[in-house]
Amino acid sequence: MSETSKTSEQWQAEVAGLRERLAELKERQKALEESFRASDESFREWAENLPQSLFEFDTTGKFTYVNRQGYEAFGYDEKDLETGVIVTSLVIPEDRMRAFTNIEKILGGDLPDDVEYTALRKDGGTFHAFIHSGPVLQDGKVMGLRGICIDITDRKQMEQELVKHRDSLEEMVAERTDELKEANVRLQEEINERRKAEVEIRSVSRFPDEDPSPVLRVSGKARLLYANGASAFLLSEWGCKAGDPIPADMGRAVEEALASGRDRVIDMECAGRYLSFMVAPITGEGYVNLYGRDMTEHRRIEERFRSLQKMEAIGTLAGGVAHDFNNLLTTIIGQTDLAMMELDAGRPAAAQLDEVYEASMRASALTRQLLLFSRKQPMETMPVDINCAVVNLLKMIKRIIGEDIEVKVELEPELWSVEADPGNIEQVIVNLAVNARDAMPGGGTVTIKTENSFLGAGFLPQDVHVSQGNHVCLSLTDTGTGMDSDTLHHIFEPFFTTKEAGKGTGLGLSVVYGIVRKHKGWVDVISHPGKGSTFLVYLPASAPVAGEEVEARDSFELYRGQGEVVLLVEDDPSVRSLVSAALSSNGYEVREAGSYDEAISVFEKDPGAFQFILSDVVLPDKSGIQIVETLLSRRPDLKILLCSGYTDEKSQWSVIKERNYNFLEKPFNVATLLQRVREAIIA
């Protein structure tokens with residue numbers, strides 16, 4: 001029957017049936033709701049009376065239920081929760097990220113973990129909390145978390161007390177154990193000493209013959225009574241045997257020892273060895289025992305040490321001379337600059353002053369070499385053209401190696417630059433040149449060569465930690481004595497030398513090796529006995545060297561001041577006068593001081609007037625750095641430029657670099673002074 005053909009009675013019957021079914025469903029729903037209400041009330045009643053904290057919160061971390069104990073434990077009330085207290089705020093800040101991560105894991109469907117946190121009360125108090133939580137599911141979807149929080153502070157305290165008690169017991173046991181060990185060690189030492197004494201007593205008669213050092217017995221009349229096997233070389237040198245008189249100087253020592261009854265020491269040289277003898281008189285028997293020690297190696301070490309001390313003293317002297325000379329050169333160069341500003345370029349005096357200026361700049365290069373020798377130059381890397389370094393050192397090298405050695409130079413015209421410390425590179429060149437000179441005592445030829453080189457993987461030995469790629473190769477070849485393979489294995493070891501005692505320290509090549517390794521480079525050596533040696537230094541290539549800064553001796557206008565007030569602190573009157581004149585004549589107002597105390601006094605007269613401080617670092621009372629720090633604490637906006645002829649510990653170079661202070665090295669010309677002052681002011 002179709003829907004349209006149903007009668008009215010049939011429709012009414014179906015409607016009545018639907019109403020009965022609907023009423024039945026409502027009754028069932030009502031019963032379920034009452035059952036849920038009763039169950040919820042039962043759960044709430046049970047939860048409210050629990051001594052632990054129960055909680056529920058949604059996926060945003062906002063609480064949806066907390067039992068009575070939870071409010072009491074954390075010090076909150078229902079109004080607090082209504083304002084939106086987030087669950088992670090109930091633990092200390094250090095635990096919040098861990099709590100957030102654990103919540104995210106459970107919300108993401110991972111199995112819950114039991115965790116411990118330091119809980120945070122509303123009043124700021126804390127307690128140790130153990131928390132077990134799990135997801136709240138609805139239709140298979142996680143709607144939040146439900147869990148229980150238990151205060152385990154008492155348990156934690158008990159655990160700590162137990163650990164402390166355990167540690168105390170372990171400490172007591174360890175102390176008693178140590179005491180027993182010490183007693184056992186003392187007992188064992190006593191037993192060993194007695195056994196040792198017994199062995200020595202039994203073997204004393206064999207001692208002289210077994211001693212590796214010379215042992216002699218000489219009569220009161222200075223005649224040899226006994227000599228052990230180790231004395232054979234000595235007797236051979238003396239031409240002496242048992243019953244013969246010993247040499248006169250030792251005979252006198254024997255007689256004096258017997259007469260005084262006291263031990264004495266006598267040193268002597270024999271067969272190329274240095275020996276020290278203790279002369280021990282046996283007065284009751286009328287003879288003397290002589291116990292010798294070979295001091296040859298000890299003497300060599302002493303001589304090396306004295307040589308190093310001498311080099312250090314010379315280095316210190318050179319550094320001091322260079323500093324004082326730098327002050328003189330600063331005055332000469334600067335005053336020459338100022339004088340040339342007053343002369344027309346075409347006048348004869350201008351050409352003469354130009355010669356003075358050029359000579360002063362060459363003298364400046366000489367002081368840098370003195371500082372290089374004294375190792376007072378700090379390491380500061382920059383792009384370096386090794387060709388320029390070789391050319392600048394050529395005169396110095398020729399003076400060092402002597403007139404009987406010819407120096408040839410073969411330089412790559414388009415040589416790549418290297419990122420290096422210029423002073424270190426110069427030291428490598430000088431040390432290799434000195435080493436070549438020592439290999440050619442009768443004269444010869446040394447060839448200094450530079451070239452670009454690409455080092456591939458197949459070229460580098462396995463034990464060399466150098467990266468592949470472009471390198472600059474500096475090589476020095478001599479026509480000297482050459483070296484065998486055994487010597488080649490040791491040449492870079494500190495104190496290793498093939499020279500006779502007193503002729504070398506054995507440090508030159510080890511310094512070269514250290515510098516090259518510090519620059520991530522590699523040193524190779526090719527040598528054969530009688531065929532000379534070639535030292536090849538490979539350094540990683542860098543970007544091309546920027547063009548050298550052109551001396552702007554005629555462009556002072558670029559760096560003129562704008563009326564800035566400068567506090568100039570310099571203890572050398574001539575340098576102070578020069579710098580003051582240069583700045584004053586180029587737009588600056590200068591106020592001078594010669595010491596720390598004077599500088600502070602000048603500044604305090606008008607603290608707001610100054611814009612710039614130019615100070616020498618080494619002053620007679622305190623340092624320029626102390627002046628800078630004192631004045632910056634009062635005027636942080638002050639601009640700073642420090643200068644010095646030293647660049648070592650005396651100038652506190654490490655502090656200058658660490659604090660990024662502007663620095664001007666002496667000697668300097670007027671253009672450089674004005675440029676650096678202007679750059680520091682506008683920085």
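Everything numeric here is computed off the predicted structure, so don't read it as measured data. Numbers here are sequence positions counted from 1.
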Other residues, nucleotides, ligands: >12 heavy atoms within 6.0 Å of Lys639 NZ: yes

Within 6.0 Å of CD in Glu604, more than 12 heavy atoms from elsewhere: yes

Spatial distance of atom OG1 (Thr445) from atom NZ (Lys408) [nearest 0.5 Å]: 5.5 Å

Value rounded to 0.5 Å, distance of CD in Glu426 from CG in Asn392: 7.0 Å

I'd like to check [X] versus [Y] (side-chain heavy atoms, cut-off strictly below 4.5 Å). Are they in contact?
{"X": "Asp606", "Y": "Arg591", "answer": "yes"}
{"X": "Ile600", "Y": "Arg634", "answer": "yes"}
{"X": "Thr447", "Y": "Val409", "answer": "no"}
{"X": "Ile401", "Y": "Val434", "answer": "no"}
{"X": "Trp416", "Y": "Leu539", "answer": "no"}
{"X": "Leu415", "Y": "Ile386", "answer": "yes"}
{"X": "Ile515", "Y": "Gln427", "answer": "yes"}
{"X": "Leu583", "Y": "Leu614", "answer": "yes"}

Parallel, tilted or perpendicular: rings of His471 and Tyr538 (30°, 60°): perpendicular

Step-by-step side chain to side chain contact (heavy atoms under 4.5 Å, CB included) determination, Ser595 to Leu619: CA-CA 6 Å; Ser595 66; Leu619 297 171; 5.7 Å; no

Backbone N/O of [Y] and side chain of [X]: donor-acceptor pair under 3.5 Å:
{"X": "Thr88", "Y": "Phe100", "value": "no"}
{"X": "Ser585", "Y": "Ala581", "value": "yes"}
{"X": "Arg676", "Y": "Phe663", "value": "yes"}
{"X": "Glu564", "Y": "Gln562", "value": "yes"}
{"X": "Ser623", "Y": "Val617", "value": "no"}
{"X": "Asn452", "Y": "Glu414", "value": "yes"}

Worked verdict on Phe668 versus Val579 for side chain to side chain contact (heavy atoms under 4.5 Å, CB included): CA-CA 10 Å; Phe668 48 79; Val579 175; 4.1 Å; yes

Trace of the side chain to side chain contact (heavy atoms under 4.5 Å, CB included) decision for Leu432 with Val512: CA-CA 8 Å; Leu432 290 177; Val512 169; 4.2 Å; yes

Salt-bridge criterion met for Lys666 and Glu570 (N-O under 4.0 Å): yes

Contacts of Tyr596 that satisfy side-chain hydrogen bond (donor to acceptor under 3.5 Å, both in side chains) - sequence neighbours left out: Thr630

For Ser615, the option from Val569, Leu641, Ile625 that meets side chain to side chain contact (heavy atoms under 4.5 Å, CB included): Val569

